[in-house]
Amino acid sequence: MGGVSMKRYDFSSIEVKWQKLWEENKIFEVKTDPSKPKYYVLEMFPYPSGRIHMGHVRNYTLGDILARVKRMKSYNVLHPMGWDAFGLPAENAALKHGIHPAKWTYSNIDYMRAQLKKLGFSYDWSREFATCDSDYYKHEQRFFIEMYEKGLAYRKKTLVNWCPSCHTVLANEQVEDGTCWRCGTEVTFREMEGWFLKITAYAEELLEDLEKLKGHWPEKVIIMQKNWIGKSEGAEIKFPIPEIGEDLIVYTTRPDTLFGATFVCMSPEHPLAEKITEKKGLTEGLRTLIEKVRKEKRDIEAGLAKKEGLFLQTYAIHPLTGEKLPLFAANFVLMEYGTGAIMCVPAHDQRDFEFAKKYNLPIKVVITPKDKKLNLEEMNSAYEEPGIMINSDIFTGLDSEEGKRKVTFYLEEKGLGKRKVTYRLRDWGISRQRYWGCPIPMIYCEKCGVVPEKLENLPVVLPLNVQIDSSGRSPLPNYSEFVNTTCPKCGSPAKRETDTFDTFMESSWYFARFACPKFPEPFNREDIKYWLPVDQYIGGIEHAILHLLYARFFTKVLRDLGYFDLDEPFSNLLTQGMVIKETYKCPVHGWLYPEEVSSEGKCLKEGCGKEVVVGKFEKMSKSKCNVVDPDEMINKYGADTVRLFIAFAAPPERDLEWSNHGIEGAFRFLKRLFNLITTHAENLREISYIEEELKSLPKNLLKLRRKLHQTIKKVSEDLETRLHFNTAIAAIMEFLNLLEDTLKEVSVEDEKVKKVLKECFEKVLLLISPICPHISEELWEEIGHKSFISLEAFPKYDPELIKEDTFILVIQVNGKVRDQVEVSVELSKDEIVKIAKERPKIIKYLEGKTLKNVVFVPKKLINFVVS
RNA sequence: GCCGGGGUGGCGGAAUUGGCAGACGCGCUGGAUUCAGGAUCCAGUGGGAGUUAAUCCCGUGCGGGUUCAAAUCCCGCCCCCGGCACCA
């Protein structure tokens, strides 16, 4: 084969050429146009950390394929990109290299934008923004003020991570194993005032609306959010404490076990605990317990801490029996959940059981399994299952589930308690004692108290001309030009809030801003109405809870603030798997780069020679020496090959094992495609066809066309609906294999062959163009087109043509495949039975047997059941 | 502990509705080409038995079941991955 003039697949110049043409012709820029159906594809925007990694490449490749497919299916496609640009790493870089966070961030953005462009993603770059632009965050400040005015933002004391040696607040990611990431000092907790958003006010709606997302979001994410919101139904019950003349309200989900309560516990931080200990002279004991709880907060949360309590030398009265129940402050009771106090039923709650054993408290069985009796002496754990109520006065004999309702109802009637729904979800603490974030637009005035900045004074701009010192502390509190201001209400001197927003704030509404990134107000109704919601959102599973929950919350808040008419931001969600790679570990030198391992699997570091352990596939990370640099791959194989491999190696939601051999295979396929088409391109350039004239063809050409149209159908479904790009690519490869085989049997000088070949080339290029756009554009031009393939229509299949006139009939005897034969689809069951019975192989199996049944599956198989 | 997801050749993965298990790719083997290597092309490739042919048997984590028919449905178990975890 191979004409003398065969072109080499020079991916690098091809890719540069088309990227430039796309950009010059602005072909991916879109406008609101209600006359066309819209499709909004969004990938989670990146933090500008310096360079993109393979995880980004995968995320954005998946999104780009879909965006390109939808565009070819004649949707008006919004596919934007921007930068989640505030955050801690910028401050860390400032500390380490002395670069200002702003400079570091913007130069990273420039570098990463260039990297994304090299991958040929079809973004509308005219909509790009970075969240650290004041043009972006000024709107966020406005939202915050409006939330404050609606009572959705408030201040309260909160525990923060505190390094006593650096005198600074630490973000969670700066705490490593309970110690400070910089100095290694043990981190403590400290109470500080902070701002909160009342996400709990939306708990019920956030939970309910998950129903709407079923089938469109991964089940897993919905369940994770459900658990996070953690709705539970139970009762609040009053336990009077006669000594102080107050009632302790406890929360329980098991009112059916009320008669089994033998003691009562409250959190050491409960206000009544303080009151009682003061009265009883136990303040010292309580303080020690509180300190211990703070110190062991991490262990307590991990369930490692031993149960511990302080007897308050006081008793609470059981609301129904009038019994005196001892009162404790206990380390395992959380102040943040329920009422901060619980009734303890050791027989039916494992935690209470452990506590009762430790402090020798009575255990009283009030629920018994249906089939056996519980024996108190033999119990070494609590019985937490439902059952029949016993020892429960008028409720004895009831099923415990029914008992829950009856007891609660009884308490309500007597005014001793009430039904209560509780959520695990806590309000969202958004204050960060950091510099590189959006300033919280609030002012503290000695006369007026907390006052929001006037809307017309927004943005409160984050000052850039500050000195970042080595302490790691935010420079804002010491920057008097920023801090000192005047009260918007009374005009007297006042101080600004110096905390900044949690960076999850910026990512909670960016998807909406992409609809109108330049609009002076936060949103342009017309654009929002047209583009939102996001039709397909794509990103990592690591954001299953926080980001996605906050974005849903913001959407509902912005709706209630009147900005738009939308309940949920993301109609469909795809969570893609990680990119993982094999690791190598030397017993002496630790993690090794692949080039530090000899072909015999020995460590090459410092002439070590030790046997290297070939480790598991793990998420790519620098520390494990298993990263693959996207730039390196693009330089070696080109963007199209990288995109092809990434889409082919695994279905999107599964982890993708990076393989150097695998990417070679993808490269080989593109070279084959390139060679095949360039070889015939000149011959076909002037050829045109109408599908009508391709109806009567020799058998092999008909078979080829049929396969082509079957491939169009499959690829179309896989790319657009199933989002299984791997099987779409497999189908294209399969077709190309048949095409090459068929070419060996025909003459390319034949006019009919030329026409069929032209059709095959055109349609294959169209099919693969969303995945490998550059090579497709190049070959599209090569076979005689002047248009951008990126803007062409996705091919349609001919439904008549894909119908097979024969099929392979599988013949089974007793469920085992014994023979197969190609038969016409026209044949009736009887005719098929006749044919099958006459097959020599089948005769052998049927001889001398009684035929008991014949199972016939049209167009598939026939099964003879014999005795 | 609780809740999810998964386990298919040497490897990544197909099998969309219970109907030929292993599509497609990688790797491997043999051959062609080449001084050689690489690249490329052709053929083969789940395991076992078999006169290397016909053919037969086994085979989707393990054990059972439903069915004419099970990777797919049901019951029990094992292992791996992820999330949550004193939330009363």
Side-chain angles (χ1 to χ4, degrees), chain A residues 1-2 218-224 226-228 230-232 234 250-254 257 265 299-305 307 330-334 336-345 348-352 354-355 422-426 541-542 544-545 577-578 616-617 644-645 648-651 653-666 668-669 671-672 675 714 717-718 721-722 724 726-737 740 808-820 841 844 852-866:
Chain A
M1 217 211 290
E219 185 71 25
K220 185 186 171 127
V221 175
I222 292 176
I223 289 166
M224 280 161 82
K226 218 178 212 163
N227 293 341
W228 190 259
K231 181 178 181 173
S232 82
V250 307
Y251 175 71
T252 180
T253 54
R254 294 293 304 271
T257 64
C265 286
D299 278 353
I300 288 172
E301 276 169 3
L304 296 168
K307 301 232 169 347
N331 67 343
F332 70 96
V333 183
L334 307 173
E336 313 88 80
Y337 185 76
T339 60
I342 57 170
M343 66 174 200
C344 295
V345 185
H348 305 295
D349 183 289
Q350 186 57 27
R351 296 156 300 182
D352 301 348
E354 285 166 29
F355 195 87
T422 302
Y423 300 90
R424 212 189 69 119
L425 183 69
R426 310 274 155 84
I541 187 76
E542 65 275 17
I545 300 174
M578 294 183 293
K616 275 198 213 166
F617 280 80
L644 179 66
F645 172 68
F648 180 62
E653 61 280 4
R654 233 189 281 188
D655 284 351
L656 184 151
E657 292 186 8
W658 188 267
S659 147
N660 290 332
H661 287 301
I663 195 161
E664 291 276 354
R668 206 173 302 155
F669 174 76
K671 279 193 285 189
R672 233 176 87 205
N675 291 341
K714 168 140 184 77
E717 287 163 1
D718 283 355
T721 315
R722 288 213 310 156
H724 275 207
N726 55 330
T727 49
I729 294 166
I732 298 172
M733 287 173 165
E734 224 176 298
F735 174 72
L736 209 69
N737 289 344
E740 286 183 331
I808 306 289
L809 174 74
V810 170
I811 309 169
Q812 299 182 337
V813 177
N814 285 344
K816 288 194 173 172
V817 182
R818 294 303 179 187
D819 196 8
Q820 22 186 283
K841 283 179 195 168
K844 207 173 78 188
K852 285 166 72 181
N853 195 12
V854 178
V855 181
F856 174 66
V857 183
K859 293 189 187 177
K860 289 243 161 74
L861 60 76
I862 186 153
N863 185 12
F864 295 107
V865 185
V866 297

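Values below: all heavy atoms of this structure, side chains included; hydrogens, waters and symmetry mates excluded. Chain identifiers are assigned alphabetically (A, B, ...) following the order of the sequence lines, protein sequences preceding nucleic acid strands; residue numbering begins at 1 within each chain.
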Evaluate the side-chain proximity of R254(A) to D349(A): yes if any heavy-atom separation is below 4.5 Å, no if none is. no
Tell me whether the side-chain N/O atoms of R668(A) come closer than 4.0 Å to OP1 or OP2 in G27(B). yes
Looking at the base of C24(B), is there any donor atom on it, or on the side chain of E734(A), that sits under 3.5 Å from an acceptor on the other one? no
Rounded to whole Å, please give me the gap between CG in L861(A) and P in U67(B). 19 Å
N or O in side chain of K841(A) less than 4.0 angstrom from U55(B) OP1/OP2: yes
Looking at K307(A), is its backbone amide N or carbonyl O close enough to the side chain of N331(A) to form a donor-acceptor pair, meaning the two atoms are under 3.5 Å apart? no
Need to verify one output field. Residue with the more 5' nearest nucleotide on RNA chain B, I808(A) or V333(A)? I808(A)
The Watson-Crick or G-U wobble partner of U16(B), with both key distances under 3.5 Å, is none
Looking only at A15(B), C57(B), A88(B), the nucleotide nearest the I342(A) side chain is A88(B)
Could you check whether the rings of W658(A) and F645(A) sit parallel, tilted or perpendicular, using 30° and 60° as the cut-offs? perpendicular
Taking atom C1' of C26(B) as reference, at what distance in whole Å does atom CG of N737(A) sit? 14 Å
Could you tell me the separation between the CD1 atom of I223(A) and the C1' atom of G83(B), rounded to a whole number of Å? 10 Å
C1' gap between A32(B) and C81(B), integer Å: 46 Å
Using the C1' atom in both, what is the distance from U66(B) to C75(B), to the nearest Å? 11 Å
d(CZ, R426(A); C1', A85(B)) in whole Å: 13 Å
A71(B) and G18(B): how far apart are their C1' atoms, nearest whole angstrom? 11 Å
Looking at S232(A), I'd like to know whether one of its side-chain N or O atoms comes within less than 4.0 Å of OP1 or OP2 on A88(B). yes
Paired with G1(B) by Watson-Crick or G-U wobble geometry, both distances under 3.5 Å: which nucleotide is it? C84(B)
Tell me which nucleotide, if any, is Watson-Crick or G-U wobble paired with G10(B) when both distances must be under 3.5 Å. C26(B)
Distance check: side-chain N/O of N726(A) vs OP1/OP2 of A14(B), anything under 4.0 Å? yes
When the C1' atoms of G13(B) and G6(B) are compared, how many Å lie between them, rounded to an integer? 14 Å
Quick one: on RNA chain B, does N853(A) or A731(A) contact a more 5' nucleotide (nearest heavy atom)? A731(A)
Opposite nucleotide pairing with A32(B), Watson-Crick or G-U, both atom distances under 3.5 Å: U40(B)
Between the base of U55(B) and the side chain of K844(A), is one N or O donor paired with an acceptor at under 3.5 angstrom? no
G5(B), OP1 or OP2 - any side-chain N/O from R654(A) closer than 4.0 Å? no
Heavy-atom closest pair (G815(A) atom, N863(A) atom, distance to 0.1 Å) is N-OD1, 3.0 Å
base_contact_polar (C86(B) base, K307(A) side chain, donor-acceptor, <3.5 Å): yes
Nearest-Å distance once atom C1' is located in both A14(B) and G46(B): 15 Å
C62(B) pairs with which nucleotide, Watson-Crick or G-U wobble, both distances below 3.5 Å? G76(B)
For the C1' atoms, the ones on G9(B) and on G59(B), what distance do you get once it is rounded to whole angstrom? 10 Å
Q820(A) CD to C20(B) C1', in whole Å, measures 6 Å
Do V866(A) and N814(A) have side chains that get closer than 4.5 Å, going by heavy atoms? yes
Of the listed nucleotides A88(B), G25(B), C3(B), the one nearest the side chain of M733(A): G25(B)
Rounding to a whole Å, what distance do you find between R818(A):CZ and C56(B):C1'? 8 Å
A15(B) phosphate, OP1 or OP2: any side-chain N/O from R722(A) under 4.0 angstrom? yes
E657(A) atom CD is separated from G27(B) atom P, nearest whole Å, by 15 Å
